[in-house]
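Okay, so here's the structure we're looking at.
Given the structure is predicted, the values throughout are model-derived calculations rather than measurements. Protein chains get the first letters and strands the later ones, always in sequence-line order, with residue 1 at the start of each.
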Amino acid sequence: MSKMKYRRNAIGVIARRDIKSTVNGIGIYVAASLAFLVAMLFVRSNLKGVTENGLMVMVNPLNYPLFIAVIIGATYLALTSTISVARERDQGTLEVLFYGPVDSTTYITAKFVEQIVTFLGLIVVYIAVFFIISKMTNFGMDGSFLAMAGLSVLLAASIVAFGLLLSTVSRSARTSVIVLLVLLLAFLAIDIVAGILNSMSAKDMSATLIYARVAVDMLNRGLKWISPFAYLNRGIAAVGLGVASQILSSIGASLLYTVVLLALAVQFLDRRGVRK
Amino acid sequence: MRNKILCISILVIALLMAVGSVQAAPPQREKQNVYGITPWTGKEYGGTFAPKGVDKIHLLAGENNVLNTLETEVYFWPITNEYMANWFESKVVIDGRLQILQDGKEIKVLERQPYVHVYPQGFYGGVSKLVVGDEAEKKYQEYQQAIDDYWKAISDYREAYAAYEQQMAEILKEVTETGKTYAEEELPKAPEQPEPPTLYVTGVTEAFIVNLPVGEYAIRTIDADGNTVEGTDKKLSVFEKRRSGVGYQIIPESKWTRPVQSDDATQILYLEGTRTMYLKAFHEAEYNQHDFLRMTSLEKPLAGKGAESAYMWVHEEEVPDTKVQVLQAGEVVMEVPTKPYYVKQTPGYALGYDIVEFDAESDEFLGRKPSFEAVKLELGPGSYQIRVVDATGQVLKGSVRDIRSVNVVPMWQLYLLSLVPLIFGLVVVLRRRNLRLKAAKPVTA
């Protein structure tokens, strides 16, 4: 068997084992329910807005709840992959694995594949549930919703890769979990605040808000190639414009970002070694 | 003790008065060479200026924009955070030509040209045109002629009206004295008052007319010897719209003074139950928010700051003779033309109004004007699509919008749906535990 075949086989075995463990555990189901509960708050708010005003103009009101659900799901997966890498190192599983036909690339790829396959399953459940909601409320599922669902796989891929990188960089599981949560929350907060400030009428903005917008815009530009949410925003904007070249380049950039994060994770794992 | 209190009080009052006088001091004015800018904003001509502190001017590509090099007094007005120019007391045109450079190379040198702004529907009519060169003088003369004709017509009207009153007085006298009656058609007709011209044309002025393609440029005013006039070196950014489409202003019948806008084709109009609304369609263009706001409000140092990555839709002229088609399941179910409407206040103390179709012939609306002109739609529960068609029946690009009426769902149903994955997970875990327990049971004979 060639080296590539060995590697593919090892990736398949590790990924299958981890997927089985995820599916048989309660965590993923709790995360999915939590994601839906939070998403429902936004659905409720939009529904209330229409019933109170009688008439309301908005982009598909299921897009944002889906975005929130995706973030919760992807963050959960990133957390579990971060914890599992740390735990397997602590318990010596990683060392044992590396005595066999497993190297850093195989291990990181297997962890990544496991989480992406799980996320694909999760997104199918999300689409099914949101489809039921759209039928119940008549909010509808348009092209922008499906584009968001498609692009969310890329977002999840980059968040998971980000989590894997942190797990190989940090000394302990606790540190990597805290750093991951803090960074994701910071990226998300900046993304949301920038979105709110940009959607406000610029003509009536006070000087304080303008200075806040300048600061947030500078941060946002600084995070343009670092934050996974920036990649998603570029993808959504490109889909909105309907320019094929922009859509392809945003997808390409997002994939490249994920590959770079994974390559860095492999590098750090090689440098740190697999022993506790 | 009493003296001490008195002294302190006087001191405090003096201090407050001193502070008050400092606050009320007029802002410091400074003589500056500035560019007066009249940019085309897609709908009309705006007005702003580039003082000393502003180093970059923004203009729309492929449009005639007016720039003029002037000397004026500039001051900063902190209340509104903007530079102000004292145009009324100090405005001197600086002689010279406008040199335009790109990548350090001169690409154009502009001379001042005469121009006028023409408002075919009057100054407050909204639409304006820029007429440049010899045509500007002609247009202004045409307007002056129309004004002169109007005053002549007014003079003739006054004379005719005086004659009419005289005639009527004589008839009245005759009727009183003789008792002779006149039929209505025998009575003289009152002369009709002439209407003033709606056209308005500004006086002929000279300025630089800048029309450039998209790009980054540098501009400066040069004197007769080719030397740069101090303070006139500026960067010039010429930008264009990102995309265009058709935007809607939607006036809900229940809140006619609070219309909502639909600018983007991805926006959906959601309704609850049966709703009546009035639609007005506009051509629109999407611009970079920073560039557009810098173009229109250059005198405000904070305008557009932090909005470099944001875009905004700008409604341009209204689509004339709008017809809106309503589609259901891909089939046109309604085609509604634009009509005038009048908002009639409900008589009595109770607040309220009715929106009724305006009929110019009806006595009810004599001497009144319609409140607005729009397309009236009354839609019941369901899913629809709307689009604007022109006189030839062609659908206007970017005018399609979805309309959906929402179903009011009890929230517990949605929350219950959220728990489905958890319930499924519990079943999986319990089933696994049972299987494990069964497998762990010792085999007995």
B:Leu293 versus chain A, heavy atoms under 4.5 Å apart: side chain, backbone, both or neither? side chain
Is A:Tyr211 atom OH crowded by more than 12 heavy atoms from other residues, nucleotides or ligands, each under 6.0 Å away? no
If you tally heavy-atom pairs under 4.5 Å against chain A, which of B:Asp402, B:Leu426, B:Leu271 wins? B:Leu271
Listed by chain and number, what are the side-chain hydrogen bond (donor to acceptor under 3.5 Å, both in side chains) partners of B:Arg243, not counting sequence neighbours? B:Asp264, B:Glu286
What option among B:Leu269, B:Ile423, B:Val408 has the most heavy-atom pairs under 4.5 Å with chain A? B:Leu269
Closest non-hydrogen atoms of A:Met136 and B:Leu414, given as atom of the first, atom of the second and distance, are CE-CD2, 4.0 Å
Top residue by heavy-atom pair count (under 4.5 Å) with chain A, among B:Val428, B:Leu302, B:Leu419? B:Leu302
Chain A contact via B:Arg431 - which portion, at a heavy-atom distance below 4.5 Å: neither
Ignoring hydrogens and angles, tell me if any N or O in the side chain of A:Asp217 forms a donor-acceptor pair with the backbone of B:Ala307 under 3.5 Å. no
B:Val406 portion near chain A, given a 4.5 angstrom heavy-atom threshold: both
Heavy-atom count around A:Phe131 CZ within 6.0 Å, excluding the residue itself: above 12? no
Answer yes if the side chains of B:Ser309 and A:Asn220 hold a donor-acceptor pair under 3.5 Å, and no otherwise. no
For A:Met218, does the CE atom have more than 12 heavy-atom neighbours from other residues, nucleotides or ligands under 6.0 Å away? no
Answer key: most heavy-atom pairs under 4.5 Å with chain B among A:Val59, A:Ile210, A:Thr137 is A:Thr137
Quick check on the structure: residues of residues 21-30 of chain A within a heavy-atom distance below 4.5 Å of chain B, by number. A:Val23, A:Asn24, A:Gly25, A:Ile26, A:Tyr29, A:Val30
Chain A contact via B:Ile250 - which portion, at a heavy-atom distance below 4.5 Å: side chain
Mind checking whether A:Met56 and B:Glu272 have side chains closer than 4.5 Å, heavy atoms only? no
Using only atom types and a distance under 3.5 Å, with no angle test, would you say the side chain of A:Asn138 pairs donor to acceptor with the backbone of B:Ser405? yes
Option in A:Ala31, A:Ser144, A:Ala207, A:Gly140 with maximal non-hydrogen atom pairs under 4.5 Å from chain B: A:Gly140
Can you tell which part of B:Met277 gets under 4.5 Å to a heavy atom of chain A, answering side chain, backbone, both or neither? side chain
Looking at A:Gly143, A:Ala212, A:Pro61, which one has more heavy-atom pairs under 4.5 Å with chain B than the rest? A:Pro61
Straight-line distance of B:Thr266 OG1 to A:Asn63 CG, nearest 0.5 Å: 8.5 Å
Do any of residues 223-243 of chain A have a heavy atom less than 4.5 Å from a heavy atom of chain B, and if so, which, in residue order? A:Gly240, A:Leu241
Can you tell which part of B:Val260 gets under 4.5 Å to a heavy atom of chain A, answering side chain, backbone, both or neither? side chain
Taking heavy atoms only and a threshold strictly under 4.5 Å, list by residue number the residues of residues 33-53 of chain A that touch chain B; give 'none' if the list is empty. A:Ser33, A:Phe36, A:Leu37, A:Met40, A:Leu41, A:Val43, A:Arg44, A:Leu47, A:Val50, A:Thr51, A:Asn53
Taking every non-hydrogen pair under 4.5 Å, which of B:Gln261, B:Met312, B:Arg242 racks up the most with chain A? B:Arg242
Given a strict heavy-atom distance threshold of 4.5 Å, which part of B:Lys255 is in contact with chain A: side chain, backbone, both, or neither? side chain
Check for a donor-acceptor pair, side chain of B:Tyr270 on one end and backbone N or O of A:Val57 on the other, with a separation under 3.5 Å. no
Interchain contact, A:Asn198 with chain B, by part (heavy-atom threshold 4.5 Å): both
Pairwise side-chain contact, B:Ile268 with A:Phe139, heavy-atom cut-off 4.5 Å (strictly under): no
